[in-house]
Every structure is written in structure tokens, then in C-alpha cells.
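Reviewing the structure listed below.
In each ligand, atom 1 is the first atom listed, and ligand 1 is the first ligand listed. Scope of the values below: all heavy atoms of this structure, side chains included, with no hydrogens, waters or symmetry mates. Because the structure is a prediction, the values reported are computed rather than measured.
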Amino acid sequence: MFRTRFAPSPTGPLHLGHAYSAILAYDMAAAAAGQFLLRIEDIDTSRAREHWETQIYDDLSWLGLQWPIPVMRQSERTSVYSEALSRLWDMGALYPCTCSRRDIFEAASAPQEGVPVHGPDGLIYPSTCRPTGPATEGPRPIAATLRLNVQTLLVPDEQFSFKETGSGPEGQTGIIRFSGRQVMAEIGDVVLARQSMAAAYHLAVVLDDAAQGVSHVVRGQDLFEATKIHVVLQRLLGLPTPIYHHHRLIRDESGKRLAKRDDARAISAFRLEGLTATELLEKIMS
Ligand code: GLU
Ligand code: ZN
């Protein structure tokens with residue numbers, strides 16, 4: 001079954017970029033006589049708000065989209081995330097990290113020459129807390145920051161790939177190949193669990209896409225590099241890798257990409273101004 005999804009976080013209003021992403025996923029599913037799913041990524045309970053979730057439903061309905069209910073909500077899936085974290089912990093794939101943002105900034109400020117500094121989550125983690133000996137024994141620490149130990153998990157020459165039917169920020173398309181070595185150097189030990197969250201985005205997204213049977217992940221190019229870590233996690237957890245379709249980002253007049261806080265371009269603002277959904281679509285597609 002050809003299945004796409006739109007997976008917004010209810011932490012602010014949806015803007016034109018979200019509308020583009022949702023409509024593209026919807027149209028691709030319709031063209032393939034498939035299914036379009038909605039998923040509410042409310043895993044960060046400190047930032048998710050019910051009124052934003054309500055507004056997501058209102059905005060998407062106004063755009064003319066429909067989706068099956070009940071809608072998957074990450075806040076209801078904590079046991080699934082917890083079980084996966086325990087599995088990864090038992091594999092020796094995770095280690096606890098106690099670094100503050102500042103610690104990471106300071107340790108990453110003296111990079112070796114030619115080594116990239118930024119990965120999909122910002123600064124590449126300088127591995128301060130990575131255990132030097134064998135992985136920590138005993139049960140998984142709860143309410144701790146846990147990182148994926150890519151250095152010991154992956155073999156440098158190990159090959160990974162995914163199929164891209166859209167394009168990455170540099171026009172990457174077709175079969176995208178990358179090695180364990182690249183993951184170590186360009187992505188590093190990403191966070192999979194946080195003190196205050198059931199799971200971090202990278203883990204939740206691969207578990208959710210697999211649970212929903214998503215065959216085609218349609219999303220913005222800003223997540224193209226993160227896809228590599230998703231493919232690694234799919235291999236570790238024995239989950240299928242969907243086809244990915246990354247799309248261009250919608251930018252404002254000055255070329256800046258739209259952000260959540262950019263309320264002026266919120267779908268609801270256009271809706272309240274009296275624009276029709278069709279007029280809004282013309283605005284985005286042009
Ligand atoms: N929840 C993410 C966001 O709002 C989308 C994640 C994804 O599409 O993989 O940007
Ligand atoms: Zn650390």
C-alpha cells in the first residue's frame with residue numbers, strides 16, 4: 001500500500017511550508033490510490049499544546065485534506081519508545097550523556113582540521129561521555145539523556161542506502177548511499193532519549209513510520225541529512241526503510257525559510273483574512 005503521512009508537532013501554528021508538505025503528501029497518496037495519514041508529534045510535552053493540535057485539524061480540513069481516525073499521537077506511545085530504548089540499551093548501543101549545551105559547545109570548538117562541525121542536530125557531539133571500555137552493564141537508566149554509540153556500533157565500510165524520489169538540499173536524488181564512516185564523521189552520537197521526554201525525535205519517527213506502515217515519507221529538505229540516522233536505526237531495530245521524498249522549503253520574500261514563530265505566514269492568518277484554500281495553494285505553488 002502506498003502510504004504517506006504528515007507529522008506536525010503541535011508547538012505553534014502551521015505555516016505555508018507545512019501546507020505545502022501536507023498537500024504534497026496528500027496528492028502523492030491520491031495519485032497512487034494510496035492512503036494519507038496524519039500523526040501528531042507531541043512527544044515534547046513541555047512544548048506541545050492541545051489548542052495547537054486543534055488548530056492543525058482545522059487548518060488541514062480547511063485545506064481540503066482528509067485522513068483516517070484515530071490519529072496517531074506520540075504522547076500515547078511512550079511504552080513503544082521505552083521498549084525500543086531498552087532493546088538498544090541491551091545491545092550496548094546507547095550510553096548516558098551528562099553534557100550541558102555549553103560543555104558540547106566548548107568541546108566542539110576545537111575541531112580537528114577537515115572534520116565537519118555540524119550535523120543534523122547542530123554541533124556534532126564531541127563524544128565526551130562515550131564509554132571507552134565495554135558498554136555499561138545493568139538496566140537502562142530512566143530519565144537520562146542517552147546517545148547512540150555510532151562509533152562502536154557501525155563498521156566504517158558498512159554500506160547504507162535509501163531511495164530518494166524528491167531531492168536533498170544539493171540536488172541529491174535516486175539511490176543515496178553512505179557508509180558507517182560517514183555517519184560517524186557527519187552525524188555522530190545523536191540523542192535518542194532525553195531526561196524529560198519518552199524518546200527523542202529520531203527514534204520516535206522511525207518507530208512511528210514503521211508502525212503506521214508508511215511507504216513514502218514526504219517532508220522538507222531540512223530533514224534530508226537526518227534520514228541517514230533514521231536508516232541506521234531502521235537497520236538496528238529490524239524495521240523496513242521507506243522511500244523518502246524530500247521537498248524544497250518554502251521561503252519568505254527575503255529567502256529565509258519559514259519558522260514556527262512566523263505567525264504572519266500561519267495558515268490560520270490567511271484563513272482569517274478571508275483567503276480561500278485555492279488562493280493559498282496558488283501562493284505556495286508559485
Ligand atoms: N514533526 C516534525 C516537524 O514538525 C516532522 C518530522 C518528519 O516529517 O519526519 O518538523
Ligand atoms: Zn556527554
Looking at [X], which atoms of ligand 1 are within less than 4.0 Å of one of its heavy atoms?
{"X": "R5", "result": "7 (C), 8 (O), 9 (O)"}
{"X": "L223", "result": "6 (C), 7 (C), 9 (O)"}
{"X": "V205", "result": "9 (O)"}
{"X": "E41", "result": "1 (N), 2 (C), 5 (C), 6 (C)"}

State yes or no: do V218 and I176 share one hydrophobic cluster built from I, L, V, M, F, W and Y residues joined by side-chain heavy-atom distances below 4.5 Å, directly or via other members?
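In one cluster with V218: I176, no.
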
Do you reckon L153 sits in the same ILVMFWY cluster as V190, going by side-chain contacts under 4.5 Å, direct or chained?
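Looking at the clustering, V190 is in the same group as L153.
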
Apply the ring-ring contact (aromatic ring centres under 6.0 Å, His included) test between H216 and each candidate in F162, F2, Y244; give the one that qualifies.
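When F162, F2, Y244 are each tested with H216, the ring-ring contact (aromatic ring centres under 6.0 Å, His included) holds only for F2.
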
With a 6.0 Å cut-off on the ring centroids, do Y201 and H230 count as close?
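Between Y201 and H230, the centre distance is under 6.0 Å.
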
Think R235 forms a cation-pi with F160, using NZ or CZ under 6.0 Å from the six-ring centre and within 45 degrees of its axis?
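Flagged: R235 positioned over aromatic ring of F160.
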
Would the distance check show the side chain of E164 and the main-chain N or O of G166 forming a donor-acceptor pair, the cut-off being under 3.5 Å?
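Checking the backbone N and O of G166 against the side chain of E164, a donor-acceptor pair under 3.5 Å is found.
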
Would you mind checking if R73 and E41 are paired as a salt bridge, meaning a charged N to carboxylate O distance below 4.0 Å?
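No, no charged N to carboxylate O under 4.0 Å.
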
Going through the distances and angles, do R140 and S86 end up as a side chain to side chain donor-acceptor pair (under 3.5 Å)?
CA-CA 6 Å; R140 167 170 71 90; S86 294; 3.1 Å; yes

Using a heavy-atom cut-off of under 4.0 Å, does the side chain or the backbone of V217 touch ligand 1, or both, or neither?
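Neither part.
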
If you measure from each non-hydrogen atom of H18 to ligand 1, which part falls under 4.0 Å: side chain, backbone, both or neither?
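No part of H18 is near ligand 1 at this cut-off.
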
So, do L38 and L60 sit near enough that their side-chain heavy atoms are less than 4.5 Å apart?
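Result yes, sub-4.5 Å side-chain heavy-atom pair found.
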
Residue pair L239 / L207, side-chain heavy-atom distance below 4.5 Å
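Side-chain contact under 4.5 Å: yes.
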
In this structure, does ligand 1 have an atom that sits under 4.0 Å from one of the heavy atoms of Y201?
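Yes, Y201 has heavy atoms under 4.0 Å from ligand 1.
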
Please report how many protein N/O/S atoms lie under 2.8 Å from the Zn ion (ligand 2).
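There are 4 of them.
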
I want to know if ligand 1 touches A7 in the polar sense, i.e. an N/O pair below 3.5 angstrom.
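It does: an N or O of A7 is found under 3.5 Å from an N or O of ligand 1.
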
